[in-house]
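By convention in this document, chain letters (A, B, ...) are assigned in the order of the sequence lines, proteins followed by strands, and residues within each chain are numbered from 1.
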Amino acid sequence: MVEEHTLLFLRYLQSVFSSMIKEEHLKIENVKEVCAVDVAYNGKTGFAVASRGSFQEVVQHKVFSGAVDFPYISGYLFMREAPIMLKALEGFQCDLLLVDGHGTAHPRRSGIAVVLGVLLNLPTIGIAKSRLTGEILQDGGVNYVVVNGKKEGVKSGKYYYSIGNKVDLEDCVYVSKMGYPGILKETDRLTKKYKKGENESSKE
DNA sequence: GCGACAG
DNA sequence: ATCTTGTCGC
């Protein structure tokens, strides 16, 4: 159980992160190296996988596993997954980091993609499989995700793409039109593979 | 009180 | 996220 004063503190941290977002245009066409991160769990043990490659494929990846104590609380995912994701990302360099989760399409504009982007000072885009907050506003064939009256990202198919750091709405639209990134799909697969491997070995 | 609620 | 088989749909 997490105390209310702890959540209050986390909201203070989120206000700092959101105030540090650099919303600027990153020409996706110039992006060479792409990285992605995701986490899978086997009970209390988390398996974070960081990958590097292109939008469509993984060239190399690294896994970091360890106990994850903070529980999942809607709106505070960063406290549960950012620590282990940062460990997996150590040493990885890239022009853009794709994060499994929302960026500014968050109640306080401080989703996990924002947190990682600010801490690593990297361009990041959050890509989530479901809605956390916001309404959809169609405009010119694009389904924008609007939160507190501001377009924070776009919804394409069943996925939500939102600003993390050092990118803008245009970049999000561009990436969403490329379809769900193969590197994220593959990273997710790897994440479950390691989790599963842990199950097999611990079962004789 | 009721409904919503990333992974 | 995770527990889980077959099954309805694009």
Q: Find the distance Phe78(A):CZ to dC5(B):P and express it as a whole number of Å.
A: 21 Å

Q: Identify whether any heavy atom of Ala105(A) sits under 4.0 Å from a base atom; if not, whether one sits that close to sugar-phosphate; answer base, sugar-phosphate or nothing.
A: nothing

Q. Do Arg108(A) and Tyr76(A) meet the cation-pi criteria used here (NZ or CZ under 6.0 Å from the six-membered ring centre, within 45° of the axis)?
A. yes

Q: Begin from the C-alpha positions of Lys193(A) and Glu186(A) and carry the test salt bridge (charged side-chain N to carboxylate O under 4.0 Å, His left out) through to its verdict.
A: CA-CA 10 Å; Lys193(A) 173 187 153 191; Glu186(A) 179 63 4; over 6 Å; no

Q. Taking atom C1' of dA1(C) as reference, at what distance in whole Å does atom CG of Asp188(A) sit?
A. 10 Å

Q. Is the NZ or CZ atom of Lys195(A) positioned over Phe47(A)'s six-membered ring, under 6.0 angstrom from the centre and within 45° of the axis?
A. no

Q: Considering just the side-chain nitrogens and oxygens of Lys129(A), establish if one lies under 4.0 Å of OP1 or OP2 belonging to dA1(C).
A: yes

Q. Just how far, in rounded Å, is P of dA6(B) from CZ of Arg80(A)?
A. 13 Å

(Q) Is the positively charged end of Arg109(A) above the ring of Phe17(A), judged by distance under 6.0 angstrom from the centroid and angle within 45° of the axis? (A) no

Q.
Identify the stems formed by DNA chain B, where each pair is Watson-Crick or G-U wobble with both distances under 3.5 angstrom and a stem is at least 3 consecutive pairs.
A. none

**Q.** Distance, rounded to the nearest Å, where Met79(A) contributes CE and dA6(B) contributes C1'
**A.** 16 Å

Q. Just by distance, do the side chain of Asn143(A) and the backbone of Val154(A) share a donor-acceptor pair under 3.5 Å?
A. no

Q: Scan Ile73(A) against the nucleic acid and name what it touches under 4.0 Å (heavy atoms): base, sugar-phosphate only, or nothing.
A: nothing

Q) Between dA6(B) atom C1' and Gln14(A) atom CD, what is the distance in whole Å? A) 12 Å

Q) Hey, does Gly43(A) reach any base, or is it just sugar-phosphate, or nothing, if we go heavy atoms under 4.0 Å? A) nothing

Q) Can we say Asp171(A) and Lys27(A) salt-bridge, meaning some charged N sits less than 4.0 Å from an Asp/Glu carboxylate O? A) no

Can you give me the N/O atom pairs linking the protein to nucleotides 7-10 of chain C at distances under 3.5 Å, or say none if there are none?
none

Q | Closest listed nucleotide, where the reference is the side chain of Asp38(A) and the choices are dA6(B), dG7(B), dC3(C) | A | dG7(B)

Q: Rounded off to whole Å, could you give me the NZ-to-P distance for the Lys192(A) and dT4(C) pair?
A: 15 Å

(Q) Ring-plane angle category for His102(A) and Tyr160(A), please: parallel below 30°, perpendicular beyond 60°, tilted otherwise. (A) perpendicular

Q.
Show, in sequence, the C-alpha distance, side-chain angles and deciding distance for Asp139(A) and Lys151(A), and conclude whether the salt bridge (charged side-chain N to carboxylate O under 4.0 Å, His left out) test is met.
A. CA-CA 11 Å; Asp139(A) 183 9; Lys151(A) 291 177 180 173; 3.2 Å; yes

Q: Output yes when at least one side-chain N/O atom of Ser130(A) is less than 4.0 Å from OP1 or OP2 of dG7(B), else no.
A: yes

**Q.** dA4(B) OP1/OP2 closer than 4.0 Å to side-chain N/O of Arg131(A)
**A.** no

Q: Would you mind reading off the distance between Tyr72(A) atom OH and dA6(B) atom P, rounded to a whole angstrom?
A: 3 Å

Q.
Applying side chain to side chain donor-acceptor pair (under 3.5 Å) to Glu152(A) and Thr104(A), what does each step give before you reach the verdict?
A. CA-CA 6 Å; Glu152(A) 302 287 12; Thr104(A) 57; 2.9 Å; yes

Q: Please work out if Tyr159(A) contacts a base, only the sugar-phosphate, or nothing of the nucleic acid, heavy-atom cut-off 4.0 Å.
A: nothing

Q) Quick one: Asp100(A) CG to dT2(C) C1', roughly how many Å, whole number? A) 14 Å

Q: Give, for atom CG of Leu86(A) and atom CZ of Phe78(A), the distance between the pair rounded to the nearest 0.5 Å.
A: 11.5 Å

Q. Would you call Tyr41(A) stacked on dA1(C), i.e. ring centres under 5.5 Å apart with the planes less than 30° off parallel?
A. no

